[in-house]
Amino acid sequence: MIGRVRFAFLTVVETLLRVLPFPCKTGLIKIGNPGRDAPVFLTCNFRLTVERVRRALKGMDAYLLVANSKGVNVWCAATGGLFTNHDVVSVLRTSGIEALVDHRRVILPQLAATGIESRVVRRKTGWNVVWGPVYAASIPAFFHGGMKKTASMRTVRFPWTERLEMAVSWAFPISLLCLAVYPFWKDGVLPLVGFVWAWSFLVFMSFPLYERYLKRDSKNVGFVFFDFGQRGLPLLLWVLFLAGLAGWSLTKGDFSWPLALRWGIGSLVVVLIFGLDLTGSTPLYKSGLHEDRLLRIVLDTGLCKGAADCERVCPVDVFEVDSARRMATLPRQDQCVQCGACIVQCPLDALRFRGPKGDEVLPETVRRFKLNLIGTRKAPPRPAEEEHDRSG
Amino acid sequence: MSTYVLMRILESAPGRYDLGMRILTLGRLDRAYDRLAGRIGQGHRVLDIGCGTGALTLRAARRGATVKGIDINAEMLEIARRRISAAGLGERVELSEAGVAELDGEEAQQYDVVMSGLCFSELSDDETAYALKEAARLLRPGGLLLLADEIRPRGFLRRSMHWLARLPLAALTYAVTQQTTRAAVDLPGNMARAGFTILSLRTNLLGSFGEFVAQKQGGDS
């Protein structure tokens, strides 16, 4: 009972404040009565994730390792460079797990594949990485099904529960900002907050209705029903608002600075909401914010030997390995969300990103330089030798 | 020392780390590092755990030691690499992107000194215990362990004062970086369990920052 209340409380708080990390203790957690051949699962130290994985493992006898992802969820942390090989190696080595089990097989969440290199972990520790399912809830089925993943276990979805979470985690921080107008515009707070919540719910809950109008392979930005450029849409909205203000003042003849200020705040909230990166907020579409960063996955068929790592880690089911030709194919390439997991894991470096201008992002870059908050990879720091070469 | 939470802001931009640290600590950290590095002599073999931008590594190399620096942050290491080659000490320093759990390839008892500045406070309990055991394994008998780090003040009053002083800074840091630091866990106890004798411990007024000089048991010097 207490456990359930605690879990509900955590879920609410960490959904409202989803934009912030919630770290919890790293290390080893025993589930049931694990023996020397018990499975070893590993996850990040975002508190809500740990609680969800524990609940999914209930009834099993297993070990759960919690690695340091700085309190951020698996996918974001691994893709953003906060959850790295070092963190996985560290928990495998320092938690004491090596003395407790006879095998060396650790099951990682599949979404960690954008940042954790299974080969590096094996080389440094001797542990073999098995990519588990995307969702913790599928762990029992995955484990009892002989650790085989069905297509649905490897694919991200965007069910109503997640859309609800997304709506709340959008609306809550923006409503906090709205509260800031209270000192000089008391009456404005409720309508603004109400608008923010209503709009967020409308946008995310009606997702299935308009999803088919979303385009996967072109710019797809701002508010979903229109195809304005990201800079164009907010500008256009501002113009509309200014015209509205001018119209109001002219017809009513009562222009005042407080009115203009309130008008400005109201329009800011609307523009903020309309300008949010909707497709980028879903796990199914790539961000539409930067047309120049819309990358495609390309396969070097000369290098591919059909190892199928790409198929195992792709969260949107882009790949199919043709076992007869021992070659990967990309029948659903248009579904790619640019996470880069396939590039990071390919043992033969046969995959890479190609930009709209033909520029390429090589596997080494995807592995070493993670995405920052605004979606760019940090410029590679130059090793000293290279610097020397350049000057010479 | 309460300002160490701001370390996080600086760490998120490694380029600003050193200048920022100097301002925040009003030179205190520099002096602590100088005092610790004073224990290092010509020809010593030194391991710097969590070398960051190389503050301790550079000091040790300047004193004529051969240093290996490890850190898991590639960007910080890159800055360290530049500073070391600018100081002309590249010959004496080896830098490696590795964490404390990745030292098993290192031969036992090969170092005279193992040192670490502001790194143990980033480690979990498990990692702290593991790192100190590794330090003991890698040091020759009688070798020195030099640590400078944020520690938990002793006594309720000091702890409360420290907590209050730290609160606004911690809040600011969390707001900017969504990260926080914490004090290193029970360093004296962990050191004793790993086989170290503490020779000297110097703390600041609030007892929230400590400089440890410890010796691996089983030798005189």
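Nothing here was measured: the structure is a model prediction, and the numbers come from that model. Letters A, B, ... are given to chains in the order of the sequence lines, protein chains preceding strands, and every chain is numbered from 1.
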Is the number of heavy atoms from other residues, nucleotides or ligands under 6.0 Å of [X] [atom1] greater than 12?
X	atom1	value
Asn33(A)	CG	no
Arg63(B)	CZ	yes
Arg119(A)	CZ	yes

Between [atom1] on residue [X] and [atom2] on residue [Y], distance to nearest 0.5 Å:
X	Y	atom1	atom2	value
Asp104(B)	Lys124(A)	CG	NZ	9.5 Å
Arg123(A)	Glu102(B)	CZ	CD	9.5 Å
His86(A)	Asn73(B)	NE2	CG	9.0 Å
Ile72(B)	Asn85(A)	CD1	CG	10.5 Å
Ser90(A)	Leu123(B)	OG	CG	7.5 Å

Exercise. Enumerate by number any residue of residues 127-137 of chain B whose heavy atoms lie under 4.5 Å from heavy atoms of chain A; in the absence of such residues, state 'none'.
Key: Glu127(B), Tyr130(B)
Exercise. Write down the atom of Thr26(A), the atom of Ser124(B), and the distance for their closest heavy-atom approach.
Key: OG1-CB, 3.3 Å
Quiz item: Closest approach of Ala101(B) and Thr94(A), non-hydrogen atoms and distance?
Solution: CB-CG2, 4.1 Å
